[in-house]
There are 2 protein chains.
Amino acid sequence: MEQLPLSEPVLLVLLSLAEQPRHGYSILKDVEQISGGRVVLSTGTLYGALQRLLGQGWIERQVENESSRDRRVYRLTSRGRRNLQSEVARMEQLTKLASLRIARSEV
Amino acid sequence: MEQLPLSEPVLLVLLSLAEQPRHGYSILKDVEQISGGRVVLSTGTLYGALQRLLGQGWIERQVENESSRDRRVYRLTSRGRRNLQSEVARMEQLTKLASLRIARSEV
DNA sequence: GGACGACATGTCGGACACTGACATATGGAG
DNA sequence: CTCCATATGTCAGTGTCCGACATGTCGTCC
């Protein structure tokens with residue numbers, strides 16, 4: 001029922017979780033790394049997005065056995081993975097269109 | 001000085017203008033067409049975006065000789081075209097990363 | 001000539017996401 | 001013991017998008 005498209009911050013959070021379950025701060029660092037340092041999420045953006053994604057059932061809390069630190073680990077749900085895939089498919093289509101339009105206009 | 005990324009509505013407006021100069025309503029119809037009917041801009045979104053893009057120097061008004069109808073035709077500036085190209089390059093990079101991450105997680 | 005729908009531009013309030021600043025607390029290194 | 005990285009969270013401000021409303025023209029059909 002939720003409509004795409006995703007914002008870049010949220011997309012990067014999901015891509016980070018697509019690789020493996022992570023906790024918030026780990027997502028923060030991973031996003032910075034995979035974006036080549038270009039995207040540095042503020043904690044407000046991150047934790048707000050996590051709450052929203054939880055509410056929509058795209059991600060879920062992972063239960064931990066014993067970790068000394070106060071970490072909250074999240075993982076993609078199958079629903080979240082499906083939605084992420086369709087979102088990426090949409091992006092690919094849009095990117096292809098964009099490349100065509102730009103190329104055509106340069107001739 | 002303006003930072004990317006662009007929202008999907010604005011990106012589609014720019015792609016529409018990348019092909020040829022258009023007036024507002026024409027952009028509206030073109031965006032609907034190139035997005036396969038998926039994106040239907042509200043006029044609030046469209047005219048707001050056009051004002052912003054004018055202010056940032058990404059697009060400019062085209063002077064008309066004589067058209068009966070009250071049309072305001074816009075075209076991309078060279079600055080706008082450069083920025084659009086770098087934005088599309090960014091999207092391609094992000095899309096590539098996304099495909100990799102998703103593919104890897106499916107194995 | 002009158003009605004109606006497509007064309008054409010615009011404003012405005014509400015909803016919502018992103019940002020930056022602030023707050024708090026723990027772990028490890030020196 | 002001090003400092004920094006780790007770790008999570010809130011909040012006010014800002015900007016964008018959307019839907020509704022407003023206004024007017026042009027062409028066509030009856």
Side-chain angles (χ1 to χ4, degrees), chain A residues 1-14 16-17 21-33 35 37-56 58-64 66-75 83 87 94, chain B residues 1-14 16-17 21-33 35 37-56 58-64 66-75 87 90 94:
Chain A
M1 273 328 154
E2 303 85 8
Q3 68 274 21
L4 316 171
L6 272 33
S7 69
E8 192 182 41
V10 173
L11 178 73
L12 286 167
V13 166
L14 290 174
S16 182
L17 289 177
R22 294 177 192 273
H23 61 280
Y25 190 82
S26 166
I27 295 174
L28 220 59
K29 293 302 166 188
D30 187 47
V31 164
E32 188 174 349
Q33 200 243 312
S35 70
R38 198 175 50 78
V39 179
V40 180
L41 299 180
S42 80
T43 60
T45 302
L46 175 67
Y47 292 110
L50 288 177
Q51 284 312 305
R52 252 177 293 132
L53 291 170
L54 274 176
Q56 293 168 173
W58 290 44
I59 63 175
E60 60 190 359
R61 288 278 311 267
Q62 194 175 46
V63 218
E64 283 131 300
E66 10 80 58
S67 53
S68 49
R69 230 24 190 292
D70 177 30
R71 288 176 171 178
R72 307 194 162 191
V73 177
Y74 302 93
R75 66 158 167 266
N83 287 336
E87 169 69 5
L94 187 57
Chain B
M1 272 330 152
E2 304 86 8
Q3 68 275 22
L4 316 171
L6 271 34
S7 69
E8 192 182 42
V10 174
L11 178 72
L12 286 167
V13 166
L14 290 173
S16 181
L17 289 176
R22 294 177 192 272
H23 62 280
Y25 190 81
S26 165
I27 294 173
L28 221 58
K29 293 302 167 189
D30 187 47
V31 164
E32 188 175 348
Q33 200 244 312
S35 70
R38 199 174 51 77
V39 179
V40 180
L41 299 180
S42 81
T43 59
T45 302
L46 175 67
Y47 293 109
L50 288 177
Q51 284 312 305
R52 254 178 291 134
L53 290 169
L54 274 175
Q56 292 167 169
W58 290 44
I59 62 175
E60 60 190 359
R61 287 280 308 268
Q62 194 174 45
V63 218
E64 282 132 299
E66 10 79 60
S67 54
S68 49
R69 228 30 187 288
D70 177 31
R71 289 176 170 176
R72 306 194 163 192
V73 176
Y74 302 93
R75 65 157 168 266
E87 169 70 3
R90 188 195 61 79
L94 186 57

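Every chain is numbered from 1 and lettered A, B, ... according to where its sequence line falls, protein lines coming before strand lines. Values reported hereafter were calculated over all heavy atoms of this structure, with side chains retained and with hydrogens, waters and symmetry mates removed. Small disclaimer: the values here were computed from a predicted structure and weren't measured.
- For the pair A/Y47 and A/Y25, the tightest heavy-atom approach, listed with the atom from each and the gap, is OH-N, 4.0 Å.
- What separates CZ of A/R61 from C1' of D/dG9 is a distance of 13 Å, to the nearest Å.
- Closest-nucleotide positions on DNA chain C for A/L41 and B/K29 were compared, and the one nearer the 5' end corresponds to B/K29.
- One axis for each end of the helix from C/dG1-D/dC30 to C/dG30-D/dC1, each built from five base pairs, and the angle between them comes to 10° at 10° resolution.
- B/S7 pairs by the side-chain contact (heavy atoms from CB on, under 4.5 Å) definition with B/P9, B/V10, not counting sequence neighbours.
- Nearest approach of B/L17 to B/Y74, heavy atoms of both residues: CD2-O, 3.4 Å.
- Here C/dT19 presents its P atom at 11 Å from CG of A/L12, a figure rounded to the nearest Å.
- As rounded to whole Å, 11 Å separates atom P of D/dC17 from atom CG of B/L11.
- Atom OH of B/Y25 and atom C1' of C/dG5 are 10 Å apart (whole Å).
- Only B/T43, B/G44, B/Y47, listed by number, bring a heavy atom of residues 42-50 of chain B to less than 4.0 angstrom from any atom of DNA chain C.
- The interatomic distance linking A/H23 (NE2) with D/dG9 (C1') rounds to 14 Å, in whole Å.
- At distances below 3.5 Å, not a single donor-acceptor pair connects side-chain atoms of B/E87 with backbone N or O atoms of B/L11.
- The interatomic distance linking A/R22 (CZ) with D/dA7 (P) rounds to 12 Å, in whole Å.
- Here the straight-line distance linking atom CG of A/L12 with atom CG of A/L28 works out to 11.5 Å at 0.5 Å rounding.
- Between A/R71 and C/dT26 there is no side-chain N or O to OP1 or OP2 distance below 4.0 Å.
- Within the structure, the salt bridge (Lys or Arg N to Asp or Glu O under 4.0 Å) test picks out the following pairs touching residues 4-14 of chain B (sequence neighbours left out): A/R90-B/E8, B/E8-B/R38.
- Under the side-chain contact (heavy atoms from CB on, under 4.5 Å) criterion, A/Q33 pairs with A/D30, not counting sequence neighbours.
- Atom CG in A/D30 sits about 16 Å away from atom C1' in D/dT6, given to the nearest Å.
- When the side-chain hydrogen bond (donor to acceptor under 3.5 Å, both in side chains) test is applied to B/R75, the partners found at least two apart in sequence or on another chain are B/E60.
- To the nearest angstrom, P of D/dG9 lies 14 Å from CZ of A/R52.
- Within the 4.5 Å cutoff, the side chain of A/L50 has heavy atoms near those of the A/L46 side chain.
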